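Here the structure comes first, spelled out in structure tokens, and everything after it is commentary.
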Amino acid sequence: MRNLRPLGLLLFLTTVFVVSIPSWGEAPSVGMVVSSFSQTGATHLNLLENAQASGGQQTSIKASSGLMKQGLRLNLSAIHLSRDLGDYSLMERNGSITSLGDRFDGEEQMASFGVDYVKGPWTVNSEIRQTLSQSPLSQRQGSLKVIYQMPRWGSQLSLSHVRAIQDQPASFYIDPESFATKARATQLRPAITRLTYDQIHSERWKSQLTLMGGERPEDRPRHLGAGYRLAYAMGDTWALHAGAEAIRESRSDQLKDSRGYFDLDEFDIGVAIEPTYNLIIRALVGTAIERESKRGSVPKQTVGTDKIDLQVEYRKARLSLFLQGNLQETNTKLKASQLSGGATWEI
């Protein structure tokens, strides 16, 4: 049976669709990103990734056209994903436990295609992504983001929506209230919507307010949340920022898996330093507190997760390089880490 711990709600409820705003005269580019991740402990609940591996690597190559006269830019990516699924457990109807890693080697090929459109204060970003290889965890995903800039007031409003269709292998679980053996859904349809308002208050102060809502009706209740972030420029070369976020699952929705209802509160503080014109260093530390309600034989649980993120970005002429790493550890000694790096070259 898949062991879904509260740690995963952090990823399940706070997935963000992030894209850059194109600028006029932007040149065509090609880039490559390689990342490696590992995890000690249970699998995660995740809105856009239904299987969390204990380790693996991902390599992606992305090509983008320059912004055309019509205000369009095209993006194409090829992705190779290799995951260790030995800890991804499946429960058969008779109660026996098997590993997905015994049936599937975790190798997947994916592709994505995106279009950016810019006209006046409007920017529209869209992308579709799909698994190309045979996989019990295949997915199809579409995303759309609309941005409206209001330079007169120093503000920006954006609305994004991500929707996916995910396959997962047949498996069963024991209901903690009735103790009946029930089948898990073999296809998930998660969706998440975000409304974000950015405001420049002065030369030094900037804030961001986010409202969000999401669903994965096949196995989790709907959730609503809000977040607020404040940034202050300490000087010409460095700035501080802090943020808080709260998310709640709807108690009016029926539970359809072996877990209770989740709540999440997250806090973080970070710094961005630009020691030279070409170099930017970003660091962040934060804490997330997740609470799961009691349900039948499953007791009430509270899990705290500490995280550290560090990113270094270097730009010179047509070349951009970045290196990013993050660590997470809970008070129950579950650990997760990721290291990624990449390069982009303007043609």
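Being a predicted model, the structure only gives us computed values, none of them experimental.
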Does [X] pair with [Y] as a salt bridge, N-O distance under 4.0 Å?
{"X": "Arg295", "Y": "Asp175", "result": "yes"}
{"X": "Asp265", "Y": "Arg248", "result": "yes"}
{"X": "Arg220", "Y": "Asp257", "result": "yes"}

Checking side chain to side chain contact (heavy atoms under 4.5 Å, CB included) against Ser77, which of Lys62, Arg129, Met110 comes through?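 Only one option passes, and that is Lys62.
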So if I apply the side chain to side chain contact (heavy atoms under 4.5 Å, CB included) rule between Val124 and each of Leu72, Val118, Leu144, Asp116, which one comes out positive?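 Going through Leu72, Val118, Leu144, Asp116 one by one, the side chain to side chain contact (heavy atoms under 4.5 Å, CB included) with Val124 is satisfied by Leu144 alone.
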Kindly write out the residues that satisfy salt bridge (Lys or Arg N to Asp or Glu O under 4.0 Å) with Asp268, not counting sequence neighbours, or none if the list is empty.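 With sequence neighbours excluded, Asp268 shows a salt bridge (Lys or Arg N to Asp or Glu O under 4.0 Å) to Arg229, given in chain and number order.
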Residues two or more places apart in sequence or in another chain: which of them pass salt bridge (Lys or Arg N to Asp or Glu O under 4.0 Å) with Arg251?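 Listed in chain order: Asp263.
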Sorted by chain and residue number, the side chain to side chain contact (heavy atoms under 4.5 Å, CB included) partners of Val298 (sequence neighbours excluded) come out as Pro176, Glu292, Gln301
Could you tell me which residues satisfy side chain to side chain contact (heavy atoms under 4.5 Å, CB included) with Ser293, sequence neighbours excluded, listed by chain and number?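 So Ser293 forms a side chain to side chain contact (heavy atoms under 4.5 Å, CB included) with Tyr261.
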Classify the side-chain pair Thr276/Asn278 by whether it contains a donor and acceptor separated by less than 3.5 Å. no
Going by distance alone, is a donor N or O of one side chain under 3.5 Å from an acceptor N or O of the other, for Ser250 and Ser252?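 Side chains of Ser250 and Ser252: pair found under 3.5 Å.
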Side-chain heavy-atom pair [X], [Y] within 4.5 angstrom cut-off:
{"X": "Asn75", "Y": "Glu127", "value": "no"}
{"X": "Arg282", "Y": "Glu313", "value": "yes"}
{"X": "Gln168", "Y": "Tyr88", "value": "yes"}

From CA spacing to verdict: side chain to side chain contact (heavy atoms under 4.5 Å, CB included), Leu279, Val312: CA-CA 7 Å; Leu279 181 65; Val312 179; 3.7 Å; yes
Return yes if some donor-acceptor pair links the side-chain N/O of Glu218 with the main-chain N/O of Arg189 below 3.5 Å, else return no. yes
Using modelled atom types only, decide if a donor and an acceptor are shared between the side chain of Asp309 and the backbone of Leu284 within a distance under 3.5 Å.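 Flag not set: sc Asp309 to bb Leu284 has no pair under 3.5 Å.
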Which residues pass the side chain to side chain donor-acceptor pair (under 3.5 Å) test with His80, sequence neighbours left out? Glu107, Gln109
Considering only residues two or more places apart or on different chains, which pairs with a residue in residues 126-151 satisfy ring pair (Phe, Tyr, Trp, His ring centres under 6.0 Å)?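 Pairs touching residues 126-151 that pass the test: Trp122-Tyr148.
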Shortest non-hydrogen contact from Ala170 toward Thr186: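 Here Ala170 and Thr186 meet closest at CA-CG2, 3.9 Å.
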Restricting to non-hydrogen atoms, name the atom on Ser207 and the atom on Leu230 that form the minimum distance, rounded to 0.1 Å.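 Residues Ser207 and Leu230, closest heavy atoms: CB-CD1, 3.8 Å.
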Go through Asp306 and Glu329 one step at a time and tell me if the side chain to side chain contact (heavy atoms under 4.5 Å, CB included) criterion holds. CA-CA 5 Å; Asp306 295 325; Glu329 183 173 358; 5.6 Å; no
